[in-house]
Amino acid sequence: MSVHAQWSTRLAFMLAAIGSAVGLGNVWKFPYITGENGGGAFVLVYLLCIALIGIPVMIAEVMLGRRAQRSPISTMQVLAKEQGASGFWQIVGWSGVFAGFLILSFYSVIAGWAMAYVIESASGTFNAISGDGSGDVFGGLIGDPQRLMIWHTLFMIMTVAVVARGIRAGIEKLVVILMPLLLVMLLILVAYAFNSGEFGRGLAYLFSFDFSKLSTDSIIVAMGHAFFTLSLGMGAIMVYGSYMQKNTSIGSSVLMIAIADTVVALLAGLAIFPLVFANGLEPGAGPGLVFVTLPTAFGAMPGGQFFGTVFFVLLVIAAWSSAISLVEPAVAWLSERDIMSRAKASWMIGLFSWILGIGTVLSFNLWSGDEYKVMGKTFFDLKDYLASNIMLPLGGLLIALFVGWAAKASMSKDELNLSSGTFNLFWLAIRFVAPLGVAIIFLNAVGLL
Ligand code: PHE
């Protein structure tokens, strides 16, 4: 077995984890699902899920990875043995690898839209464009499988090329440059929305709680999103934790990562909704929200060509640093078992996901008709719903159960090094609050509660 790599500093780990967490989930998905689910009340449920379920599960994932210093599959194998638990727990690693495939196979296509939109905005396509005109530009893109395939392919190559180079020479090098850049761009955009949009209305939309708009499905979507946005339940954060130095504090690192991710999502909302309202547009427009609505808003505003381009570059950067962490769990396993080199493993995993991604591409055009839908969902919707709202929370549930019930308390005590008060809080959260939270939301969703 090859020697397990390590980040060069704690900051490198933090930036990589934040890079994984902050992605399309924050900038594309969070605004549009908030719009679809009626605003403030949905945001509140999402924030509760982050605090009560997401943070404890993230602590657990990082801790497991760091303790075993192996890929998620081997981590679960080795720790189950060490703790005298059943071999069944490896399922967490395997389902994570599978969820990573599924997510990357649509992530890459959406990131491709963002890449196409960098070119469109920079070349002035959206200047003074009407709502219908913007809809046509978007419709033209997603209706054209060939163009989508080109961008999907390009994004997949960018992703794999980084992972193939390894932890320090690939992932770490990338995030150290991209993450500060992302923050600066986001602040520029929020300042822009503050000056040119209806900031007060955007703020009210995100934070006024109208519970009548909250359906059972909204709650499951909010929970699924808490897992998705924090990259939890599939081993991405676990594998990043496995490259962490032994002497860094897990609790405070995780808290900072979760706060950073949440702040970015809220800031993205504050950059987007004020512009939506200022231009009389519809917040519930669905996945097209940032691709149809927002360009119209930018097109109507002074400096919009520049700021619109900045926005889509930001989206590509956020997606890139997340996509690499979707591939890493599988690659880590293949290369640590010496089944193949890291580079080969990366290209192979990328290739599989790319092939599955063809189905995503077709979901928006040739397969968009009702005859191709299952339960009213396209192939893309199905993959997203299955991976984000079911597999990630299930993975998280199993991780919480493993740490809280199957393993001994001494494992968490040794690894986390918390004061006894804080430890008790974590212990309560990981044994009861997080698993019950996930279970109740699931049972409620299938109508059993
Ligand atoms: N957290 C990423 C986002 O918000 C998506 C992701 C999910 C990345 C799971 C890795 C693992 O876009």
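Remember, it's 1-based here, ligands and their atoms both numbered in the order they're listed. Just so we're clear, the structure is a prediction, and the values are computed from it rather than from any experiment.
Taking the six-membered ring for Trp and the full ring otherwise, Phe307 and Phe298 have centroids separated by 6.0 Å or more. Aromatic ring centroids of Trp427 and Phe432 lie 6.0 Å or more apart. Between Phe277 and Tyr205, the ring centre distance stays below 6.0 Å.
Side-chain atoms of Gln69 and Gln6, non-hydrogen and from C-beta on, do get closer than 4.5 Å to each other.
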Go through the steps for Ser353 and Ser105 under the test side-chain hydrogen bond (donor to acceptor under 3.5 Å, both in side chains), then give the verdict.
CA-CA 5 Å; Ser353 242; Ser105 80; 5.5 Å; no
Please tabulate, one line per pair, the protein N or O atoms found under 3.5 Å from any N or O atom of ligand 1, giving the distance to one decimal.
unit_1   : atom_1 : unit_2 : atom_2 : d
ligand 1 : 1 (N)  : Ser20  : O      : 3.1
ligand 1 : 1 (N)  : Ala21  : O      : 3.0
ligand 1 : 1 (N)  : Phe228 : O      : 2.8
ligand 1 : 1 (N)  : Thr229 : O      : 3.2
ligand 1 : 1 (N)  : Ser231 : OG     : 3.0
ligand 1 : 4 (O)  : Ala21  : O      : 3.0
ligand 1 : 4 (O)  : Gly25  : N      : 3.4
ligand 1 : 4 (O)  : Asn26  : OD1    : 3.4
ligand 1 : 12 (O) : Leu24  : N      : 3.1
ligand 1 : 12 (O) : Gly25  : N      : 2.7
ligand 1 : 12 (O) : Tyr107 : OH     : 2.5

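To the nearest 0.5 angstrom, Met185 atom CE is 12.0 Å from Phe312 atom CZ.
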